[in-house]
Amino acid sequence: MEPGTCNLEPSTMNESYDYAAIEKKWQRNWAQAREFEVQEDSNRPKYYLLEMLPYPSGALHIGHVRNYSLGDSIARFKRMQGFNVLHSIGWDAFGLPAENAAIQHKIPPERWTLDNIETMKKQCLRMGWSYDWNREIMTCLPEYYRWNQWFFLQMFKQGLAYRRKGTVNWCEQCQTVLANEQVENGLCWRDKSLVVEKELEQWCFRITQYNEQLLQDLDQLEGWPEKVKSMQRNWIGKSVGARVTFPLEDDPGVGIDIFTTRLDTIYGATFVVLAPEHEWVRGWTDDPEHGEELSRFLEEVRQQGRDVRTAEETEKKGVFTGRYAINPYTQERIPVWIANFVLMEYGTGAIMAVPAHDERDFAFAKKYDLDIRPVIQSEDRSPSSDLDQAFVDYGVLVNSEPFSGLSSQEAQKKMVQHAQAEGFGEESVSYRLRDWSISRQRYWGTPIPMVYCQKCGVVPVPEEDLPVLLPQVESIQLGQSPLATIPEFLNTSCPQCQGEARRETDTMDTFVDSSWYFYRYTDNQIDSSPVRDEAVRYWFPVDMYIGGVEHAILHLIYMRFFTKVMRDLGLVGFDEPVKGLFTQGMVLKGGVKMSKSRGNVVSPDTVVEGYGADALRLFVQFAAPADRELDWSDQGLEGCSRFLNRLWRMLYRLREEMSQGDSADSISQEELSKRGRALRRKLHQTIGKLTHDLERFRQNTAIAAIMELLNSVYEYVDQEDHPQPSLLEEVLKTMALLLSPFAPHFAEEMWESLGQKEHLTFAPWPQFDPELAREEGIKIVIQVNGKVRSRFSALPGISKEEMETLALEDEKTKAFIEGKPIRKVIVVPQKLVNIVV
RNA sequence: GCCCGGGUGGCGGAAUUGGCAGACGCACAGGACUUAAAAUCCUGUGAGGGUUUCCCUCGUGAGGGUUCGAGUCCCUCCCCGGGCACCA
């Protein structure tokens, strides 16, 4: 049997549209014909369409349905346009909910996960999404996660994976560490519970080594929404400034390094502030005069906790350390303070305070009665501020010999040069981005392939011993690092000395899994390397990636980082993996997010049972622009279902006439009536609109255009005395093609009922003919003083002169220009005449 | 505070480059079919008004501007959503 031609049940048209039977039939046909399976084929242009892989939480929700339906319409459209389309799916299968389920229901996380995947896969099949299921991946399988471990080892070798002891974000609810990206306003991104600080030893990926590239390469991403790029720029948070050393007065050998973006204000620096965690502060607490107060303050700050401390409302507090530093520009002696608003992890953990030109410094100086000295005047030389607020803009320097009179910008350059020449400072760049902490004190994740040996220390597991298998468990206990309780896992021998050793018991952040899964879709079998070179070469870059904007600074930055690491490992030959990105809007119900706790969740299963997958697919794409929020509406869904039924009725009504029609040749323009030509025109306008709309993710207007076309068919059939069967056949066949990206089951059935043998999947997308789409008579609008007063019809190609003459002769128009002098006549060719009186 | 979006009928939303505002769908109303209802088909549906097959006035968050002409461009402001934020 030829592929693409097997029909299990030939179409026998019923009066009513039996979506359940039809959808089932075509899902089976597609599976048997293996239609969506693809191979690399250098003779055909490829298109890699990717959607963010789902977490197998138990069931698909409407958000998934929207995401994957939008993607599927593009995949099917591109296939029909002749592209070799890679469209796969997988499961982000590691993660905490599986462990929570294990704790609650006493089922092994693996079984819970695999069961969920099975359920959700069935749901995917029922939606009719065109995936190549051979390429499916599950990140919890050793075939997959061994490569996470392999990447870890490569990164360890390169110094990109390292162990760090430090303050971490700890989520009590999850009993694990979170990366900075995973903390939102002090709350855990997953369960919104409060994140606390904890001192722990953690494995980190040195993403900061790539901060400049991650920033620069955003400019390559022309197909990404500006919003996402600006979010990433914000997150990376580059600021260019200078590092300057302020020597200590009583210990000139040492100096306090500060970072500033406003070197031009340094003549106004009246004190220096250190972060409470600054390395020198500890040594100063035994100072007889200030030590006690210092210690008390350090304790206070420590108790405040990071997120209280970094909240803007928090009062700025500090204490004097008793020390003085020397401003290297003025040689002036200024006091050294510590304060809660200076953070150790940004810049150098120390600042110069310029109260006259910085709001925080100003407030602080007022509170503790410190000097405020203006050194910047606004450009227009208006008298500088009267000291009730800081002047933070750029301006002209004053009181800054020898730099006085320079603009802020000029001064910054000259002052850096000066510092460099004198050896007390240099240009410096700070980033907000922190390294990615990937250790998770959880069970259901990729084991980190490291071993601790008493003799040899921290030793990597040799590559040939991968994967380090995650041991099977029956259930999980809360409140401990689960792997540490499994002796068979924990105890091992040292790869170097064969002596007694124990394994690392933390697992990897699941964002590691999703950082490179889309490479594995191009070859999920290869077991000698994470990726196969030729496959990556053929399929990459991803042409279009569709997902939610909530991953803008999580997954979407990690994945870019991973690609750069892979490039430097020689695995891939490009900087950026994803050419086009589309972020779809959320699905709401009654204006709020769907959630179990609100009880406003719509189940895709229920909808599919009641209306069919095609109606659901249509609704989620029709009801709102793809990038905006979509408010669920039962009535809107009904409307889409009605449209399919209406189309079906027309097909049924015409089925007899159509089979009599001479389908060999399409009827010529000359043989058609005026109404017939109008219908064909509408058809071609629709083809043009759909082609255009699908390229630009305008599924909503594309579907509206098909609805309009159907309305035109109804109009034609009702009004024409002798409707042309061959024209109707032409229109309906084309309509099946146009509909197939959105409602593929319906379209296939329609196509078959019109006598077609081949499946629609690879049927060529209809050709747009601008000649046929052009209006026969064009309507010219007549305006008087910019207001529409009349219209007349004319033949295309009418000259400007003719238009003007006709407009001025128009009876209705005359009434408006009567007795008034004509000042000007504007003629827009083929469109409008505006008479100004 | 800074940076992105957005504000159009009763509702979701349309509107190449500045050129007929409100496509399409929902909801509503009327009609046809029916014993009746549902379903379906047809018609109407921004607001106000008039001499009511037709016509006028107003109308895209507010105010101003550019233009023959502005939902669209410019300025000022208001509101809603999102991101970043004691980041030096």
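Values below: every heavy atom of this structure, side chains too, minus hydrogens, waters and symmetry copies. Order of the sequence lines sets the chain letters (A, B, ...), proteins ahead of strands, with each chain counted from 1. Everything numeric here is computed off the predicted structure, so don't read it as measured data.
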- Task: Look at the side-chain N and O atoms of A:R696 and state whether any lies under 4.0 Å from the OP1 or OP2 oxygen of B:rU16.
- Result: no
- Message: Can you see if the side chain of A:N711 gets near the phosphate of B:rG25 - specifically, an N or O under 4.0 Å from OP1 or OP2?
- Response: yes
- Task: Remember a base hit wins even if backbone is also touched, and classify A:V828 as base, sugar-phosphate or nothing at under 4.0 Å, heavy atoms.
- Result: base
- Task: Confirm from the modelled atom types if A:K824 and B:rC68 form a donor-acceptor pair under 3.5 Å, side chain to base only.
- Result: no
- What does A:N700 touch in the nucleic acid at a heavy-atom separation under 4.0 angstrom: a base, only the sugar-phosphate, or nothing? sugar-phosphate
- Query: Does A:R262 place a side-chain N or O at less than 4.0 Å from the phosphate oxygens OP1/OP2 of B:rC87?
  - Reply: no
- Measure distances between side-chain N and O atoms of A:E359 and base N and O atoms of B:rG1, and say whether any donor-acceptor pair falls under 3.5 Å. no
- For A:E771, all residues meeting side-chain hydrogen bond (donor to acceptor under 3.5 Å, both in side chains), sequence neighbours excluded: none
- In terms of the nearest nucleotide of RNA chain B, which residue is placed more toward the 5' end: A:D361 or A:I835? A:I835
- Message: Could you tell me the Watson-Crick or G-U partner of B:rC84, where both distances fall under 3.5 Å? Say none if there is no partner.
- Response: B:rG1
- Task: Figure out the CZ/P separation between A:F619 and B:rG13, and round it to whole Å.
- Result: 10 Å
- Message: By the 4.0 Å heavy-atom rule, please label A:R698 as base, sugar-phosphate, or nothing.
- Response: sugar-phosphate
- Between A:Y19 and A:F746, ring centroids under 6.0 Å: no
- Item | Sugar-phosphate, base or nothing in reach of A:Y714, heavy atoms under 4.0 Å | sugar-phosphate
- Item | Length of the CE-P vector between A:M586 and B:rG6, whole Å | 17 Å
- Take atom C1' in B:rU8 and the same atom in B:rC58, then report the distance between them in whole Å. 15 Å
- Message: Under a 3.5 Å cut-off for both contacts, is B:rC41 paired Watson-Crick or G-U wobble with anything, and if yes, with which nucleotide?
- Response: B:rG31
- Message: Whether A:R233 contacts B:rC4 is assessed here as follows: a side-chain N or O lying under 4.0 Å from the phosphate OP1 or OP2. Is that the case?
- Response: no
- Query: Can you tell me how far P in B:rC3 sits from the matching atom in B:rU67, rounded to whole Å?
  - Reply: 30 Å
- Item | Base partner of B:rA47, which must satisfy Watson-Crick or wobble distances under 3.5 Å | B:rU57
- P gap between B:rG64 and B:rU16, integer Å: 27 Å
- Query: Are side-chain N/O atoms of A:D264 and A:S408 paired as donor and acceptor at under 3.5 Å?
  - Reply: yes
- Query: Are side-chain N/O atoms of A:Q685 and A:E775 paired as donor and acceptor at under 3.5 Å?
  - Reply: yes
- Say whether, by atom type as modelled, one donor and one acceptor occur between the side chain of A:D435 and the main chain of A:T208 under 3.5 angstrom. yes
- Look at all strands and tell whether A:P225 reaches a base, only sugar-phosphate, or nothing, counting heavy atoms closer than 4.0 Å. nothing
- Task: Determine the Euclidean distance between corresponding P atoms of B:rC68 and B:rG63; express it in Å to zero decimal places.
- Result: 23 Å
- RNA chain B: A:A704 or A:R646, which has the more 5' nearest nucleotide? A:A704
- Query: Is any side-chain N or O of A:S239 closer than 4.0 Å to OP1 or OP2 of B:rA88?
  - Reply: yes
- Query: Nearest-Å distance, CD (A:Q699) to C1' (B:rG12)?
  - Reply: 17 Å
- Query: Taking the side chain of A:F341 as heavy atoms from C-beta outward, which of B:rC24, B:rC86, B:rU40 is closest to it?
  - Reply: B:rC86
- Item | Sugar-phosphate, base or nothing in reach of A:E708, heavy atoms under 4.0 Å | sugar-phosphate
- Scan A:V342 against the nucleic acid and name what it touches under 4.0 Å (heavy atoms): base, sugar-phosphate only, or nothing. base
- Item | Candidate nucleotides B:rC4, B:rA27, B:rC84, ranked by approach to the side chain of A:K227 - the nearest | B:rC4
- Task: Determine the contact category for A:N834: base if any of its heavy atoms lies under 4.0 Å from a base atom, sugar-phosphate if only primed atoms, P, OP1 or OP2 are that close, otherwise nothing.
- Result: base
- For the side chain of A:T261, starting at C-beta, report the closest nucleotide among B:rA88, B:rC24, B:rG19. B:rA88
Could you tabulate the donor-acceptor pairs under 3.5 Å formed by side-chain atoms of residues 352-360 of chain A, not counting sequence neighbours?
residue, atom, partner, partner atom, Å
A:H357, ND1, A:F391, O, 2.8
A:H357, NE2, A:V375, N, 2.9
A:H357, NE2, A:I376, N, 3.1
A:D358, OD1, A:R360, N, 2.9
A:D358, OD1, A:R360, NE, 3.4
A:D358, OD1, A:D361, N, 3.0
A:D358, OD2, A:R360, NH2, 2.9

- Task: Consider the side chain of A:S230, meaning its heavy atoms from C-beta on, and name the nucleotide among B:rC3, B:rG13, B:rG19 that approaches it most closely.
- Result: B:rC3
- Query: When you check the phosphate oxygens OP1 and OP2 of B:rU40, does a side-chain N or O of A:N645 lie under 4.0 Å from one of them?
  - Reply: no
- Message: Under 6.0 Å between ring centres: does that hold for A:F424 and A:Y329?
- Response: yes
- Task: State whether A:Y714 and A:R646 meet the cation-pi test: NZ (Lys) or CZ (Arg) under 6.0 Å from the six-membered ring centroid, and within 45° of the perpendicular axis.
- Result: yes
- Using a 90° cut-off around 0 for syn, call B:rG65 syn or anti. anti
- Item | Short side-chain N/O contact from A:R642 to OP1 or OP2 of B:rC26, under 4.0 Å | yes
- Can you tell me, in whole Å, how much space there is between the C1' of B:rA27 and that of B:rG10? 7 Å
- Task: Give A:G639 one of three labels, base, sugar-phosphate or nothing, depending on what nucleic acid heavy atoms sit under 4.0 Å from its own.
- Result: sugar-phosphate
- Item | For atom OH of A:Y716 and atom C1' of B:rC41, their distance in whole Å | 20 Å
- Query: Rounded to the Å, how far apart are A:M707 CE and B:rC24 P?
  - Reply: 11 Å
- Is A:E638 touching bases, backbone alone, or none of the nucleic acid, heavy atoms closer than 4.0 Å? nothing
- Return the nearest nucleotide to the side chain of A:Q783; candidates are B:rG19, B:rC84, B:rC20. B:rG19
- Query: Would you say A:R628 reaches B:rA14's phosphate, i.e. side-chain N/O to OP1/OP2 under 4.0 Å?
  - Reply: yes
- Message: Which nucleotide wins on minimum distance to the side chain of A:D718, given the candidates B:rA23, B:rA14, B:rC42?
- Response: B:rC42
- Item | Paired nucleotide for B:rC68 [Watson-Crick or G-U wobble; both distances under 3.5 Å] | B:rG19
- Item | Distance, P atom - from B:rA15 to B:rG61, rounded to whole angstrom | 16 Å
- Message: In whole Å, measure the gap between the C1' atoms of B:rC75 and B:rA23 for me.
- Response: 32 Å
- Message: Could you check whether atom NZ of A:K367 has more than 12 heavy atoms from other residues, nucleotides or ligands sitting under 6.0 Å from it?
- Response: yes
- Task: For A:R789, answer base if it contacts any base atom (sugar-phosphate contacts may also be present), sugar-phosphate if it contacts only those atoms, and nothing otherwise; contact means non-hydrogen atoms under 4.0 Å.
- Result: sugar-phosphate
